[in-house]
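Shown next, in structure tokens, is the structure this report addresses.
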Amino acid sequence: MNLKELPFSMKPVGWFQIAWSGEIPVGEVKALRYFGEDLVAFRGEDGALRLMNAHCHHMGAHLGHGGKVKGNCVTCPYHGWVWSGEGKNVEIPYQENTINKRIKTWHVAEQHGCVFMWHDPTDSAPRWGLPHMFDSFREFSDREESEFYPIFPHGTRRWPNEPVHPQITFENSVDSMHFRYVHDSPLDPMLLEMDIRDDNSVFRTLFGFKSVRTNNIEMTFDTRTTGVGCSFNVFKGAYNYRVLFSATPIDDETSELFNTIWWERKDGDEGDMPLAIQERIKNEILTTVDEDLVVWRHQKYVDRPMLAKQDVKAFNMLRKWQAGFYDLPPAE
């Protein structure tokens, strides 16, 4: 996909996944790059995660490569300058005074073992919250997080440096017919419900899969897509699992894709995910993105697609809603 031909930018407003919590334990530093920015994430002794631009204002060293956590701050690997999680210089070890120039910081949120950053070109604070993989689905499924195996590391996979725009990937949330051709689904799911909620920040769809044997709906899945960054999905019925799919721009030409699976525990099993389930998730679910990427990597964006009659309302509604996450004025 030639992202330069798209009619929208790679810098939309919203929440975007950047890691899993288990990748950044207490006292660790991680170098990241998203939205054309070199970033550093670190977890202080208090357990809180901080995210800020990566380069020290002294001589430009990257704090994510060799930097060390000191208390709830990060120390530059080059000359030992210490920076707080608020981007403030709090120590220069060989002089008494510090400097008053701050490093830019970013809002982060951690939910159910996943790490998200808030991106807004106007530097506004978060304008809305994230859906929650459990609390947001109480009307559809009341299962608790304790009823599922831990996600990290066995229920996770990422695809770095993909020539794909996040908005393209989330058009799957209203596309019922691709399941047959891309994922070899024996039956097409039916779009049962569709609405926009949570102060216009979430596009929700409800699909149903019919049984090949009885022709009755045997599984449904509820999808909550927030902005153009993350899609929270809950499957209920023949299978009971949950999927978080995320797409985060790296620069103007590539994105990083994340897939996270919550799989229901076997009765009485309080341990980690069994190997047999790990293999099943790897082969049957995490690979679905591989199947989509065969199309996404080479797709040409069609601004006015020739839609089948059943697709018109859903695609038009989704695209009109997605357009609201670009070029937003600063929040008041």
Side-chain angles (χ1 to χ4, degrees), residues 17 20 22 112-114 133-134 137 140-141 143-160 162 164 166 168-192 205-225 230-247 255-297 299:
Q17 187 175 358
W20 290 283
H112 38 260
C114 299
M133 186 55 79
F134 297 90
F137 292 89
F140 180 68
S141 174
R143 294 180 181 271
E144 301 292 338
E145 188 167 4
S146 60
E147 298 179 66
F148 296 81
Y149 291 108
I151 59 167
F152 188 81
H154 305 302
T156 63
R157 187 179 169 192
R158 56 159 46 91
W159 292 257
E162 291 292 347
V164 175
I168 304 302
T169 70
F170 294 112
E171 293 193 345
N172 274 13
S173 66
V174 295
D175 186 351
S176 61
M177 294 307 299
H178 90 282
F179 284 87
R180 181 196 304 184
Y181 300 102
V182 177
H183 305 304
D184 292 325
S185 174
L187 288 173
D188 306 317
M190 303 168 56
L191 180 57
L192 305 174
T205 56
L206 179 67
F207 281 92
F209 279 96
K210 287 186 175 181
S211 166
V212 177
R213 182 175 55 85
T214 67
N215 204 38
N216 295 324
I217 292 177
E218 68 169 6
M219 185 172 73
T220 51
F221 70 97
D222 191 326
T223 294
R224 315 286 173 101
T225 300
C230 307
S231 181
F232 297 72
N233 308 269
V234 172
F235 292 77
K236 179 181 179 181
Y239 297 98
N240 292 290
Y241 64 93
R242 303 181 180 217
V243 179
L244 169 61
F245 173 75
S246 305
S255 296
E256 184 161 21
L257 313 183
F258 300 80
N259 219 12
T260 308
I261 311 295
W262 286 260
W263 192 269
E264 189 178 25
R265 287 185 183 275
K266 292 183 177 179
D267 290 341
D269 188 352
E270 298 181 355
D272 201 358
M273 187 184 293
L275 182 59
I277 295 179
Q278 294 178 36
E279 288 299 313
R280 184 176 183 182
I281 288 175
K282 176 182 176 182
N283 296 328
E284 296 181 16
I285 303 178
L286 291 175
T287 55
T288 59
V289 179
D290 292 321
E291 296 166 348
D292 287 316
L293 279 167
V294 172
V295 176
W296 290 339
R297 287 172 179 144
Q299 186 174 359

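Keep in mind that the numbers below use all heavy atoms, side chains included, and drop hydrogens, waters and symmetry copies. Along the sequence shown, residues are numbered consecutively beginning with 1.
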Review point. Can you check whether W296 reaches L257 side chain to side chain, under 4.5 Å on heavy atoms?
Key: yes
**Study point:** Test item: N240 side-chain N/O and G237 main-chain N/O as donor-acceptor pair under 3.5 Å
**Key:** yes
Check your understanding: Name the one of M219, R242, E264 that satisfies side-chain contact (heavy atoms from CB on, under 4.5 Å) with F235?
Key -> M219
Exercise for review: Check the angle between the aromatic planes of F207 and F179 and answer parallel, tilted or perpendicular using the 30° and 60° thresholds.
Suggested key: tilted
**Study point:** Closest non-hydrogen atom pair, G155 against L286
**Key:** O-CD2, 4.2 Å
Review point. Among pairs that include at least one residue of residues 283-297, which meet salt bridge (charged side-chain N to carboxylate O under 4.0 Å, His left out), considering only residues two or more places apart or in two chains?
Key: R157-D290, E162-R297, R280-E284
Practice item. For residues F232 and F137, establish whether the separation of their ring centroids is below 6.0 Å. Key: no
Review point. Looking only at heavy atoms, what is the nearest atom pair of I217 and G208, with distance?
Key: CG2-CA, 4.1 Å
Check your understanding: Where do F258 and W159 come nearest, in terms of heavy atoms and distance?
Key -> C-CZ3, 4.4 Å
Practice item. Could you pull out all residues at least two apart from R158 that satisfy salt bridge (Lys or Arg N to Asp or Glu O under 4.0 Å)? Key: E23, E256
**Study point:** Considering all heavy atoms, the nearest S211-E218 contact
**Key:** CB-OE1, 3.6 Å
Check your understanding: Are M273 and I281 close enough that some pair of their side-chain heavy atoms sits under 4.5 Å apart?
Key -> yes
Scan the side chains in residues 145-153 for donor-acceptor partners under 3.5 Å anywhere in the protein, sequence neighbours excluded, and list what turns up.
| unit_1 | atom_1 | unit_2 | atom_2 | d |
| --- | --- | --- | --- | --- |
| E147 | OE2 | E144 | N | 2.8 |
| Y149 | OH | K266 | N | 3.2 |
| Y149 | OH | D269 | OD2 | 2.8 |

